[in-house]
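Computed from a predicted structure; not experimentally measured. Below, read A as the first sequence line, B as the second, and so on, with proteins coming before strands; counting in each chain starts at 1. The figures here come from the full heavy-atom set of this structure, side chains too, leaving out hydrogens, waters and symmetry mates.
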There are 2 protein chains.
Amino acid sequence: MITMQRGPQPADFADVRATNLAVVLRYVRGNAPCSRAEIAAATGLNKATVSSLVADLIDRRLLRETGLTEHRIGRPATMLMLDGSPYAAIGIEVNADYLTAVAVDLAGTQVLSWRRSFAGLGASPAQAATAIAALGRRAVNRVVKDGRRVLGLTVGVPGLVDSAGVVTLAPNLGWRDVNLRGALIRALGDPDFPVGVDNDANLAVLAESRYGAHAGTRNLVYLTGEVGIGAGIIVDGRLLRGHRGFPGEIGHITIDPGGPACRCGRRGCLEAVAGIAAIVSRVIPEATSDGELTDLQPEIDEVVRRARAADPAALQALTEVGHGLGQGVSIVADLLDPEVIVLGGYFVPLAPWLLPAVETELASRRIAPDLGGPQVSASILDHGAAATGGAATVLDHVDEGHLPTP
Amino acid sequence: MITMQRGPQPADFADVRATNLAVVLRYVRGNAPCSRAEIAAATGLNKATVSSLVADLIDRRLLRETGLTEHRIGRPATMLMLDGSPYAAIGIEVNADYLTAVAVDLAGTQVLSWRRSFAGLGASPAQAATAIAALGRRAVNRVVKDGRRVLGLTVGVPGLVDSAGVVTLAPNLGWRDVNLRGALIRALGDPDFPVGVDNDANLAVLAESRYGAHAGTRNLVYLTGEVGIGAGIIVDGRLLRGHRGFPGEIGHITIDPGGPACRCGRRGCLEAVAGIAAIVSRVIPEATSDGELTDLQPEIDEVVRRARAADPAALQALTEVGHGLGQGVSIVADLLDPEVIVLGGYFVPLAPWLLPAVETELASRRIAPDLGGPQVSASILDHGAAATGGAATVLDHVDEGHLPTP
DNA sequence: TTTAGTTCGTCTGACGACTAAACAAATTAG
DNA sequence: CTAATTTGTTTAGTCGTCAGACGAACTAAA
């Protein structure tokens, strides 16, 4: 049965065709190599219809025939697989101190991965947009030079982004009501592919649901572990958007009213209890907390070193932070009932020491212990998760039936 | 564009037809009385197609022609409206101390509303199922006697209900792994209409989104204020289901680790801070807390009386409870970004005293004060919200294109 | 009263997409 | 070499929508 998005949204034949093309495309993505007959049997579509759909997809260079089966009774089947090569999707991730660009072809292989430094807070939004657009243009040029067509470009920003691509608030970049999407489209010279801007946690969870260890999970939450803590939420297979487009703002929920002061002015926010700055300052008390926006990687490395060396103070601090994080994770678990909660960002290297405490906290808060609950695990994607997710949104759009025209 | 539910789910003509029938039905529901031409103009469907769809809907007795327009230039239009009369949907709500049954016709008018006492904890699950089925059968008989066909029956239960209609856990009823749906279907003698079982908060939020003060809101959260606190969540127009089917379990998130003891064994749970039992025991300290499952209505009435009389202790207690509730509401707001949060159950009569503190708390926790946030308001539906929601699920199913066959 | 203009809803023919069934092609088993 | 099997195409048919033409019914104005 077809489901509808909103009020008056009638369907016609083009929709049927698009739906079925997408069904075949997704089936081949998940079951390549496979034959037309197999697709027909698995999807319930008629063999003739599958032939027609496959011919269409081959015309659009989305599928490719790849040899025949052998040594089987009956006529050999011509196998099909994705032909990712003629297309690519680009994702860019904006951070306080660097930009990441990733390009992925239609079959999911990464064809480009760049990282360049970037003065997030030093630059004006207009300068930043110029820098992002420059990186985007270079990525586009590279991809085009390789003979691919660009299907879309999506930029991830650590902040609140509305549905029009306006960055309403991004504290770590010092932005307020910046129409980044508009600026990018202008700077790229009205490109013929769609340009999008989205929250970095949203994109990261999309990357996780497509390329992560739990790919395909329909109820998934991703917690960013950067300077702040944010959540990207996929429920029932769809990214949660909310009314204004700002869900998952989990960083400032109160974990402990008597806890440490938070830079938001309140006490005991999740970010103040379990944010990266809190971890670093607890494990390395002698470190000078010089502003919030320097690259924290060296400090994180030091934390890992101390934990590996079984430094008691470090282990104690990480356990306590893990309990605090576990409380936040419990709230997410109670409210959303996800199957998996993935910890990302700087939580990943610290996961061996954080996870046990998180699990303990989670287990102690179950309504009924035997009912089970979400699994918590560290992301296997590296720091470019949001960039990869930016590319993934473009591919999702294709998978939903918005195919490129030949 | 059509969206698909999951993997291999191809579309065909029947889907197109069902989608468009539902589009017309929903349009008429929202804009009755209206003409065929108006439907065509508003939906983008062809006039001929609309004529065909409308004829189909009239055949199924879902629509009815109602006179002509007059005093307008041009040929007068034959107006259409919903013909609710031949069908009805039934919802039943199970509580610790009573059952509520509601029947609603297709146009949304309530055609039946019963309440009968019920020994929730005293009876075995089998006895309870028999009692529920008996009430259901009586409601069905009455509806059928009135010449209506029953489109479905859905039962709301205060507890965790999985997608198969098994009540996994319902502390207030003392149930554990009760296959209520199976028992009801058996007791009703394999009826020819669908029978469903769902969580009461889920059903209440569906009722709210169809009949409440904020009907039509696509991002809506409903907080039950019964013995426990649960949340029903609609995001992006869809009921949030979660992985196991147990989202919105908000009652035992920790608001204050140093707060009052909760019957779950922990401290400072939302339920212990802002649950009805907490309110009663704080406002009426002299009341003996004799078990948890007596009808709390008299105590609530007393609380209202004292608040009306401006009893300082009562006002103070309600304000503090409101702040606690506000913290819970803030968490929901941060995580889900809803447009409206509706307080239900026993919160409704106390809303005049709780809401100001809730609003204050919510405002103080905003990331950016000028970005706005959710509106909080008390439900205008009475205690049968979940029962009404049970009927609403059935109507939603029709609105999604699963029309009754003539 | 007549005529023009407007709007409604149906009718007609065409088109596009899917289905079922027959069929041709290619291979293995014996 | 034949029978069995499986693949994928072809053919005829069905169904729902679309565009445009058309008749019907009404108002407004000459």
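Considering A:D83, A:L106, A:L82, A:L53 as possible partners of A:L63, the one that fulfils the side chain to side chain contact (heavy atoms under 4.5 Å, CB included) test is A:L82.
In the set C:dA26, C:dT19, C:dC18, C:dA26 carries the atom at the smallest distance from any side-chain atom of A:R75.
Mapping B:T49 and A:E38 onto DNA chain D by nearest heavy atom places A:E38 at the nucleotide closer to the 5' end. With DNA chain C read from its 5' end, the first of the two nearest nucleotides for A:L45 and B:N46 is the one closest to B:N46. Each of A:G74 and A:K47 was assigned the nucleotide of DNA chain D with the nearest heavy atom; the assignment lying further toward the 5' end belongs to A:G74.
Defined by atom type and a distance below 3.5 Å, a donor-acceptor pair is present between the side-chain atoms of A:R17 and A:S52.
Regarding B:D15, its CG atom lies at a distance of 16 Å from the P atom of C:dA17, rounded to whole Å. Atom-to-atom, CG of B:L68 to C1' of C:dG9 comes out at 12 Å; the value is rounded to the nearest Å. Spacing between atom CZ of A:R17 and atom P of C:dA17 amounts to 6 Å, rounded to whole angstrom units.
At most 12 heavy atoms of other shown residues, nucleotides or ligands fall within 6.0 angstrom of atom CZ in A:R61. More than 12 heavy atoms of other residues, nucleotides or ligands lie within 6.0 Å of CZ in B:R149, so this atom counts as buried by the packing criterion.
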| Derivation and outcome, side chain to side chain contact (heavy atoms under 4.5 Å, CB included), residues A:V102 and A:I90 | CA-CA 6 Å; A:V102 164; A:I90 298 176; over 6 Å; no

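Residues A:L80 and A:T66 fail the side-chain proximity criterion, which asks for heavy atoms closer than 4.5 Å.
The residue A:A48 sits close to a base: some heavy atom pair falls under 4.0 Å. If you check every strand for non-hydrogen atoms under 4.0 Å, B:A37 touches sugar and phosphate atoms only. Within 4.0 Å of B:S52, counting heavy atoms only, lies no atom of the nucleic acid at all.
A nucleotide of DNA chain D counts as in contact with chain A when one of its atoms lies under 4.0 Å from a heavy atom; the first and last such, 5' to 3', are D:dT5 to D:dT17.
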